[in-house]
Asks: 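Here it is: the structure, laid out below.
Small disclaimer: the values here were computed from a predicted structure and weren't measured. Throughout, protein chains are lettered first and strands after them, A, B, ... in sequence-line order, and every chain is numbered starting at 1.
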Protein chains: 2
Amino acid sequence: MAIDMVDIRQKFQEKQYKLTPQRRIILEAFVDHQDEHLSAEDVHTIVRQHSSEIGLATVYRTLELFSELDVLQKMDFGDGRSRYEINEKTTPHHHHHLICLSCSKVKEFEDDLLETLETVISRKSNFTIVDHQVKFYGYCEECQKKREISD
Amino acid sequence: MAIDMVDIRQKFQEKQYKLTPQRRIILEAFVDHQDEHLSAEDVHTIVRQHSSEIGLATVYRTLELFSELDVLQKMDFGDGRSRYEINEKTTPHHHHHLICLSCSKVKEFEDDLLETLETVISRKSNFTIVDHQVKFYGYCEECQKKREISD
DNA sequence: CTGCGTGCAAATGATTTGCATACAC
DNA sequence: GTGTATGCAAATCATTTGCACGCAG
């Protein structure tokens, strides 16, 4: 569940990156906010509370860096900003995102069914699939109830 | 294959929208560039060649309008700009996008398998699914060949 | 006519970048 | 020490918006 700090430290050494306090703090923010899909702004806000000043530009640069190192995964829910989450390399389970059209909350759904589809596509299209991203749009349980009331 | 102009004209009348030359021309751009996933800039460029000046702001407003009317479908391939394609309402087939990580070209893949997955999700998560978007990232046939050569 | 549509320029919002300073290794 | 990181402010890029004018119905 937790991040493998040893692994991360190693990746940093390999690439000659420095493990600065800012980078640690930003990483911490993700550990403290598991499964929350934080945006750069979100991270910046969180980080400012915990500690001193970290420039927004640094947050962006750090998020980019962690994405390259596969520590974080950059994702896009179509709300005009990039969001990030910890990349759990230990769990090969791809999870899909259920995006509520009403309250915009994002839930996750564990599933491996897509592997089948990938095989079909690879075969039919001669397209080598490396990764996929699936988003389902609809209405979450809470918003469905609200809708029933207001209708 | 072609757009149903009668249908579109009707939608416009219903909503009291005007079918201006600009709007026609922009629509034409999509007819002339089927399956090409045009961005606002793309449309603007295309349109400028064919005819006189159409402001970029107008292009944006028009694309937004057509999306609302379900004439176009707005999509996001993560390249920092929205892209649009004609919404073929006649074909209920959802097609998925295969995005090449090497040449960035986007191919399409027809498939209905996801309906199964939607049912599973709805049942397990109490999430009412309205729509989905699936993107597969990988390497297209051409780029695979190039890779073999350069490796 | 009349209000919706357009073009232009200016505003916005997320993200990036240049540069002088600061600090991890 | 030395080159990478950081913070700040300015730059960039896609998209949006305000406003006076133009034209489709």
Asks: Does A:Thr20 have a side-chain nitrogen or oxygen under 4.0 Å from the phosphate oxygens OP1 or OP2 of D:dA5?
Replies: no
Asks: Can you tell me the distance, in whole Å, between the CG atom of A:Leu63 and the P atom of D:dA5?
Replies: 15 Å
Asks: OP1 or OP2 of D:dG7 sitting under 4.0 Å from any side-chain N/O of A:Gln22?
Replies: yes
Asks: Specify the separation, in whole Å, of atom CG of B:Asp79 and atom C1' of C:dA14.
Replies: 15 Å
Asks: Select one nucleotide: of C:dC4, C:dT6, D:dA9, the one nearest the side-chain heavy atoms of B:Lys18.
Replies: C:dC4
Asks: Does A:Ser82 make a side-chain N or O approach to OP1 or OP2 of C:dT15 shorter than 4.0 Å?
Replies: yes
Asks: Rounded at 0.5 Å granularity, tell me how far NZ in B:Lys124 sits from CZ in A:Phe109.
Replies: 5.0 Å
Asks: Taking the side chain of A:Leu56 as heavy atoms from C-beta outward, which of C:dG7, C:dT15, D:dG3 is closest to it?
Replies: C:dT15
Asks: Start with the C-alpha gap between B:His96 and A:His132, add the side-chain angles, then the distance that decides, and say whether side-chain hydrogen bond (donor to acceptor under 3.5 Å, both in side chains) holds.
Replies: CA-CA 11 Å; B:His96 309 142; A:His132 62 234; over 6 Å; no
Asks: Choose from D:dT6, C:dT6, C:dA14 the nucleotide whose nearest atom is closest to any side-chain atom of A:Tyr60.
Replies: C:dA14
Asks: Send over the distance from B:Tyr17 OH to C:dT2 P, rounded to a whole Å.
Replies: 23 Å
Asks: Using whole Å, what does the distance between atom P of nucleotide D:dA14 and atom CG of B:Leu38 come to?
Replies: 15 Å
Asks: Rounded at 0.5 Å granularity, tell me how far OG1 in A:Thr58 sits from CD in A:Gln22.
Replies: 6.5 Å
Asks: Which is true for A:Ser39 with a 4.0 Å heavy-atom rule: it touches a base, it touches only sugar-phosphate, or it touches nothing?
Replies: nothing
Asks: Give B:Arg61 one of three labels, base, sugar-phosphate or nothing, depending on what nucleic acid heavy atoms sit under 4.0 Å from its own.
Replies: base
Asks: B:Ala40 or A:Val59: which one's nearest nucleotide on DNA chain D is closer to the 5' end?
Replies: A:Val59
Asks: Tell me which one of A:Arg83, A:His97, A:Gln73 satisfies side-chain hydrogen bond (donor to acceptor under 3.5 Å, both in side chains) with A:His37.
Replies: A:His97
Asks: Over all strands shown, is A:Glu53 touching base, sugar-phosphate only, or nothing at heavy-atom distances under 4.0 angstrom?
Replies: sugar-phosphate
Asks: Rounding to a whole Å, what distance do you find between B:Gln16:CD and C:dT2:P?
Replies: 16 Å
Asks: So which nucleotide from C:dT17, D:dA14, C:dG7 ends up closest to the side chain of B:Arg81?
Replies: D:dA14
Asks: Rounded to whole Å, how long is the line connecting atom OH of B:Tyr84 with atom C1' of D:dA14?
Replies: 10 Å
Asks: Measuring from the side chain of A:Arg23 (C-beta onward, heavy atoms only), which nucleotide among C:dA24, C:dG7, D:dA5 has the closest atom?
Replies: D:dA5
Asks: Is the number of heavy atoms from other residues, nucleotides or ligands under 6.0 Å of A:Gln49 CD greater than 12?
Replies: yes
Asks: In whole angstrom, give the distance that lies between atom CD of A:Glu64 and atom P of C:dA14.
Replies: 17 Å
Asks: Could you state the atom-to-atom distance from CZ of B:Arg24 to P of D:dC23 in whole Å?
Replies: 16 Å
